[in-house]
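One structure is given here, and the rest of the page talks about it.
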Amino acid sequence: MICVDIPVDHPAFSGHFPGNPILPGVCILNYVAAAFEKPSDGFRSAKFLKPVRPGETLQITFGNIRRGAHSFMVKVADSVVCEGQIISVTDHD
């Protein structure tokens, strides 16, 4: 598991959304891609389930490969906030 602390002053919060800040999905996916330890070719799928707020900690885990993609899950505390598949350049069935 890789943990990422989301700073309260993350620049994305100023415009997304003032008065009700949430971390944009693209930022969450950037953290997933950075945590992935292999070259990737993007994402096959991503589902956003709950918002990520300033000061929260992302817990990123990767699962088994299936059809050239690894599953991933992002949690905050015990809640899943995002899940999907990241495509691996080097792994194929």
Should Phe62 and Ile87 be counted in the same cluster of Ile, Leu, Val, Met, Phe, Trp and Tyr side chains packed under 4.5 Å apart?
no
Check Gln59 against Ala77 and note the closest heavy-atom contact, atom names and distance.
OE1-O, 3.3 Å
If you compare all heavy atoms of His70 against all heavy atoms of Ser88, which two are closest, and at what distance to 0.1 Å?
CD2-CB, 3.8 Å
Answer yes or no: is there a side-chain heavy-atom contact under 4.5 Å between Ile2 and Tyr31?
no
Report, one line per pair, each donor and acceptor closer than 3.5 Å where one atom sits in a side chain of residues 16-30; sequence neighbours left out.
residue, atom, partner, partner atom, Å
His16, ND1, Ile22, O, 3.0
Asn20, OD1, Arg53, NH1, 2.8
Asn30, ND2, Val26, O, 3.4

Are any of the side-chain heavy atoms of Met1 and Cys3 separated by less than 4.5 Å?
yes
Hey, does Ile60 have a side-chain heavy atom less than 4.5 Å from the side chain of Val74?
yes
Using the test side-chain hydrogen bond (donor to acceptor under 3.5 Å, both in side chains), find all partners of Asp9 that sit at least two apart in sequence or belong to another chain.
none
Report the C-alpha separation of Val76 and Thr57 in whole Å, then their side-chain angles, then the decisive distance to 0.1 Å, and conclude whether the side chain to side chain contact (heavy atoms under 4.5 Å, CB included) test is met.
CA-CA 6 Å; Val76 170; Thr57 299; over 6 Å; no
Distance-minimising heavy-atom pair for Pro51 and Glu56
O-OE1, 4.1 Å
Apply side chain to side chain contact (heavy atoms under 4.5 Å, CB included) to residues Ile6 and Phe13 and explain how you reach the verdict.
CA-CA 10 Å; Ile6 304 302; Phe13 290 131; 3.7 Å; yes
Rounding to 0.5 Å, atoms CG (Asn64) and CD (Gln85) come to a distance of 11.0 Å
When rounded to the nearest 0.5 angstrom, what distance separates CE in Met73 from OG in Ser71?
7.5 Å
Is the distance between the ring centroids of Phe72 and Phe36 less than 6.0 Å?
no
